K.L.:
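Mind looking over this structure? Questions follow.
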Number of protein chains: 2
Amino acid sequence: MSTPPISRRARPAKAPLSRDVIVRTGLDILDRDGLDALTMRRVAKELDTGPASLYVYVANRDDLMAAMLDEALGRVPLTADGTWRDQIHALANATVEAMSRHEGLATVALGAIPTSDNALLVLDRMLALLKEGGLDDTTAAWAVDLIYLHLAAAAAEESAYTTKGGEEDDTIAAADRRYASLDPRRYPMITSLRQALFSPGDRDAWGLNVLINGILHTPAG
Amino acid sequence: MSTPPISRRARPAKAPLSRDVIVRTGLDILDRDGLDALTMRRVAKELDTGPASLYVYVANRDDLMAAMLDEALGRVPLTADGTWRDQIHALANATVEAMSRHEGLATVALGAIPTSDNALLVLDRMLALLKEGGLDDTTAAWAVDLIYLHLAAAAAEESAYTTKGGEEDDTIAAADRRYASLDPRRYPMITSLRQALFSPGDRDAWGLNVLINGILHTPAG
DNA sequence: CGTTTGACACGAACAGCGTTCGCTCCGTAC
DNA sequence: GTACGGAGCGAACGCTGTTCGTGTCAAACG
C-alpha cells in the first residue's frame with residue numbers, strides 16, 4: 001500500500017525472521033502488555049510483517065507459548081551453593097520466578113508433561129538433588145513430578161495475582177473483606193481462623209519444605 | 001428468519017432464562033464438547049436465544065466460568081466416614097474429580113483466591129478436618145491454602161491429559177518415547193530413572209499423603 | 001381501565017482473533 | 001540460464017466476546 005515496488009530496499013535492514021526472534025518478541029510483548037496483547041498479529045506487527053509469516057517458524061499460538069515457556073526456563077540457573085535442600089530451594093525459587101514473571105506461561109506448564117529441553121534440564125537437576133537427599137528411585141521420580149506440579153501451580157497463582165487488573169494487595173484485601181462478611185454459622189472455621197488465613201509469612205518456602213519433609217516421610221509405591 | 005411474527009407463541013414453551021440454567025447449560029456443553037465449544041454463542045443457541053440475552057444474568061465469559069466452577073464444587077459431598085485423614089482423602093478426591101471432570105474449570109480455580117460459596121464450603125470443611133488433626137491455627141490456615149492449590153493443579157493436569165486430542169495413554173506414551181531418546185550425557189538422571197518416572201501407582205493418594213505428612217512435620221510461621 | 005414504566009430479550013453490528021490459501025519473490029543448484 | 005523450493009505476505013474465512021438500540025410484555029400506578 002505505502003511502499004509499492006521499492007518495498008524491500010526502501011526500509012533499512014529488517015532483521016530476518018527466525019523462531020528465536022519470534023519467541024523472544026513474544027516474551028517482550030507478554031512482559032510489556034500482558035497475555036491479552038500476545039496475539040499473532042501483535043507479534044507480527046512488532047516484527048514489521050504480517051501474521052502469516054510467523055507460521056513458517058511456529059505451528060500455532062500454543063506452539064509459540066510452549067517455546068516461550070522453554071525460553072523462560074532456559075534462564076533458570078541450574079547450580080547453587082549449600083546443602084541439597086538449599087539447592088532445591090534455590091532451584092525452585094528460580095523456576096517459579098521464571099514462570100510467574102511472564103503472565104500465562106505457568107498455565108502452559110500445567111497443561112502438558114514437560115518435554116522441552118530446558119524444562120527437562122530443570123527436572124534433571126531436581127532429580128539429582130533428590131537422589132542426593134537419599135531417596136530411592138521411585139520416590140525421587142514421583143517427587144519430582146509432584147514438586148514440578150507445585151511450582152507450576154504456585155507460579156500460576158502468583159502470576160494471576162500480580163497481573164490481574166489492580167494491585168495484588170487489592171485482590172487480597174477484597175478476599176479478606178469477603179471472608180469477614182461470611183456467616184459464622186455456615187462457615188465456622190473460615191470466620192474463626194480468618195486472621196490466620198491472611199497472616200503474613202514466607203508461604204512459598206514453607207510450602208516447599210512441606211513437600212520435602214513429606215516426601216522424606218512418605219515412600220512411594 | 002424461520003419464525004417471522006408468530007415467534008413466541010409458535011414455539012412450545014421455552015424455559016425462561018436465568019443465571020442457573022445458563023450455568024448448567026455451560027457445564028453441559030463443557031462436558032459434551034469441550035472447552036473450545038464453550039462460547040457465549042453456543043450457550044445462547046442451546047437456550048434458543050442470542051448471545052446478547054445472556055449478559056443480563058452473566059457479566060462476561062469469565063464470570064460464567066467462575067459460576068460454573070462454583071456449581072461443580074457444589075456437587076462435592078462434604079462429609080465422609082473414617083479418621084480425619086480418611087475424610088481429607090475423600091474430600092480431596094471428590095474436589096479433584098469435580099474440577100477435572102469439566103475441562104478448563106480447574107484453571108479458573110488457580111487464577112483467583114476462592115471466594116465463591118461452594119469453594120468456601122470445601123475450604124471450611126477441610127479446615128475443620130485439619131484442626132481435628134491437631135494443627136495450630138496458622139499451620140492449618142497455610143495448609144488449607146497449600147492443599148487447595150495442589151488439588152486445583154492436580155485437577156488441571158488431569159483434565160489436560162484426559163481431554164487433549166487423543167487418549168491419555170497416547171500423551172504418556174509420547175512423553176515416554178521422548179524421554180527414551182534423550183542424550184544421557186545431557187540428561188543423566190532422567191534417562192537413568194526413566195522407568196521410575198513412568199512407573200504406575202496411585203500418585204494422587206501418595207501426593208496428598210506427602211502433603212499431610214509434610215504439614216504435620218512443618219509448623220508454619 | 002388506560003397508561004406508564006422498567007426489566008428482559010435480542011437482531012445487528014463492531015473490532016478483533018487464529019489460521020489458511022495462493023501468489024510473489026529470491027537465492028541456490030543444476 | 002533455468003528450474004526449483006522455501007520464505008514472505010496480502011487477503012480472506014469463519015469465528016470470537018461484547019455493546020448498542022430497539023422491541024416487547026407484564027406488572028404498577030393513576
Side-chain angles (χ1 to χ4, degrees), chain A residues 1-23 25-26 29-30 33-68 103-104 107-108 111 164-165, chain B residues 1-23 25-26 29-30 33-68 103-104 107-108 111 164-165:
Chain A
M1 231 16 115
S2 56
T3 52
I6 21 145
S7 59
R8 191 45 41 88
R9 214 170 292 273
R11 281 176 286 187
K14 186 173 183 182
L17 238 39
S18 78
R19 187 170 230 263
D20 247 44
V21 314
I22 291 173
V23 168
T25 304
I29 294 172
L30 204 56
D33 297 322
L35 184 59
D36 287 349
L38 185 75
T39 70
M40 302 302 277
R41 285 175 154 83
R42 175 68 190 282
V43 173
K45 181 184 253 186
E46 206 99 342
L47 291 167
D48 194 23
T49 180
S53 304
L54 305 178
Y55 285 83
V56 176
Y57 303 96
V58 151
N60 50 42
R61 190 178 185 264
D62 284 355
D63 182 36
L64 171 58
M65 291 203 66
M68 285 166 59
E103 184 191 358
T107 306
V108 176
K164 214 162 216 166
Chain B
M1 233 12 120
S2 55
T3 53
I6 21 144
S7 58
R8 189 48 40 87
R9 217 170 291 271
R11 282 175 287 189
K14 185 174 182 181
L17 239 38
S18 75
R19 187 169 231 262
D20 246 44
V21 313
I22 292 173
V23 168
T25 304
I29 295 172
L30 203 55
D33 297 324
L35 184 58
D36 287 349
L38 185 75
T39 69
M40 302 302 277
R41 283 175 157 82
R42 176 68 191 281
V43 174
K45 180 185 254 186
E46 207 98 342
L47 291 168
D48 194 23
T49 180
S53 304
L54 305 179
Y55 285 84
V56 176
Y57 303 96
V58 150
N60 50 44
R61 191 178 185 265
D62 284 354
D63 182 36
L64 172 58
M65 292 203 64
M68 287 166 57
E103 184 191 358
T107 306
V108 176
K164 214 162 215 166

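Just so it is clear: chains get the letters A, B, ... in the order the sequence lines come, proteins before strands, and each one is counted from 1. A quick note: this is a predicted structure, and the numbers were derived from the prediction, not measured. Keep in mind that the numbers below use all heavy atoms, side chains included, and drop hydrogens, waters and symmetry copies.
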K.L.:
Flag the pair B/V21 / B/L47 as yes when at least one side-chain heavy-atom distance between them is below 4.5 Å, and no otherwise.
P.N.:
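Yes, their side chains come closer than 4.5 Å.
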K.L.:
State the CE-CD1 distance between B/M68 and B/I29, to the nearest 0.5 angstrom.
P.N.:
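Between atom CE of B/M68 and atom CD1 of B/I29 there are 8.0 Å.
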K.L.:
Can you name the closest pair of heavy atoms from A/V108 and A/A66 and give their distance?
P.N.:
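Looks like CG1-CA, 4.1 Å.
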K.L.:
If you compare every side-chain N and O of A/S53 against the phosphate oxygens of D/dG8 (OP1, OP2), does one of them come in below 4.0 Å?
P.N.:
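Result: no.
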K.L.:
Below the 4.0 Å mark, does C/dC10 have OP1 or OP2 next to a side-chain nitrogen or oxygen of B/T49?
P.N.:
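Yes, because at least one side-chain N or O of B/T49 sits under 4.0 Å from OP1 or OP2 of C/dC10.
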K.L.:
In this structure, how many angstroms lie between the P atom of D/dC15 and the CZ atom of B/R42, rounded?
P.N.:
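Going from CZ in B/R42 over to P in D/dC15 covers 13 Å.
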K.L.:
Counting side-chain heavy atoms from CB outward, which of C/dC8, C/dG18, D/dG8 is closest to B/Y57?
P.N.:
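So the side chain of B/Y57 is nearest to C/dC8.
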K.L.:
Given atom NZ of B/K45 and atom P of C/dA9, what is their separation to the nearest angstrom?
P.N.:
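After rounding, the reported distance stands at 20 Å.
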K.L.:
Starting at the 5' end of DNA chain C, which residue's closest nucleotide do you reach first, B/P51 or B/S18?
P.N.:
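Counting from the 5' end, the first nearest nucleotide belongs to B/S18.
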K.L.:
Given D/dC9, C/dA9, C/dG18, which nucleotide is nearest the side-chain atoms of A/Y55?
P.N.:
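Selected nucleotide (nearest to the side chain): C/dG18.
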K.L.:
Would you call A/L38 and A/R61 a side-chain contact if the rule is heavy atoms closer than 4.5 Å?
P.N.:
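Contact flag for A/L38/A/R61 side chains = yes.
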K.L.:
Measure across B/P51 and B/R41 and return the closest heavy-atom pair with its distance rounded to 0.1 Å.
P.N.:
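Taking every non-hydrogen atom into account, CG-CG, 4.0 Å.
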K.L.:
Is the shortest heavy-atom distance from the side chain of A/L64 to the side chain of A/M40 under 4.5 Å?
P.N.:
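When only atoms from C-beta onward are counted, A/M40 and A/L64 do touch, with a gap below 4.5 Å.
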K.L.:
Would you tabulate the nitrogen or oxygen pairs shorter than 3.5 Å linking the protein to nucleotides 21-24 of chain C?
P.N.:
none

K.L.:
For DNA chain C, which residues in residues 34-41 of chain B have a heavy atom at a distance below 4.0 Å?
P.N.:
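B/R41 - these, ordered by number, are the residues of the stretch whose heavy atoms sit under 4.0 Å from the strand.
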K.L.:
Check whether any side-chain heavy atom of A/V56 sits under 4.5 Å from a side-chain heavy atom of A/L17, and report yes or no.
P.N.:
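The answer is no; the side chains never approach within 4.5 Å.
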K.L.:
When the distance from CG of A/D48 to P of D/dC9 is rounded to whole Å, what number comes out?
P.N.:
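Taking CG of A/D48 and P of D/dC9, I get 8 Å after rounding.
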K.L.:
Closer than 3.5 angstrom, by distance alone: can the side chain of A/E103 be matched with the main-chain N or O of A/L35 as a donor-acceptor pair?
P.N.:
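Such a contact is found between A/E103 side chain and A/L35 backbone.
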K.L.:
Within the sub-3.5 Å range, which N or O atoms of nucleotides 27-29 of chain C have a protein N or O partner, and how far apart are they?
P.N.:
none

K.L.:
A/N60 has an atom CG; how far is it from atom P of C/dC17, in whole Å?
P.N.:
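About 17 Å, once rounded to whole Å.
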K.L.:
Not counting sequence neighbours, which residues clear side-chain hydrogen bond (donor to acceptor under 3.5 Å, both in side chains) with A/T39? List them please.
P.N.:
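For A/T39 there are no side-chain hydrogen bond (donor to acceptor under 3.5 Å, both in side chains) partners, ignoring immediate neighbours.
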K.L.:
Would you kindly give the CG-to-P distance between B/L17 and C/dA7, to the nearest whole Å?
P.N.:
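Spelled out: CG on B/L17 to P on C/dA7 is 17 Å.
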K.L.:
My understanding is that only residues two or more places apart in sequence, or in another chain, count here; which of them pass salt bridge (Lys or Arg N to Asp or Glu O under 4.0 Å) with A/R42?
P.N.:
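A/D33, A/E46.
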K.L.:
Enter the distance from A/T25:OG1 to A/L30:CG here, rounded to the nearest 0.5 Å.
P.N.:
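It comes to 12.0 Å.
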K.L.:
Partners of A/D63 by side-chain contact (heavy atoms from CB on, under 4.5 Å), sequence neighbours excluded?
P.N.:
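Partners of A/D63 under the side-chain contact (heavy atoms from CB on, under 4.5 Å) test: A/R19, A/V58, A/A59, A/N60.
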K.L.:
Report the distance from atom CG of A/D63 to atom P of C/dG18, rounded to the nearest whole Å.
P.N.:
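Value for this atom pair: 14 Å.
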K.L.:
Measure the distance from CZ on A/R61 to P on C/dT20 and round it to the nearest whole Å.
P.N.:
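In whole Å, C/dT20 P and A/R61 CZ are 15 Å from each other.
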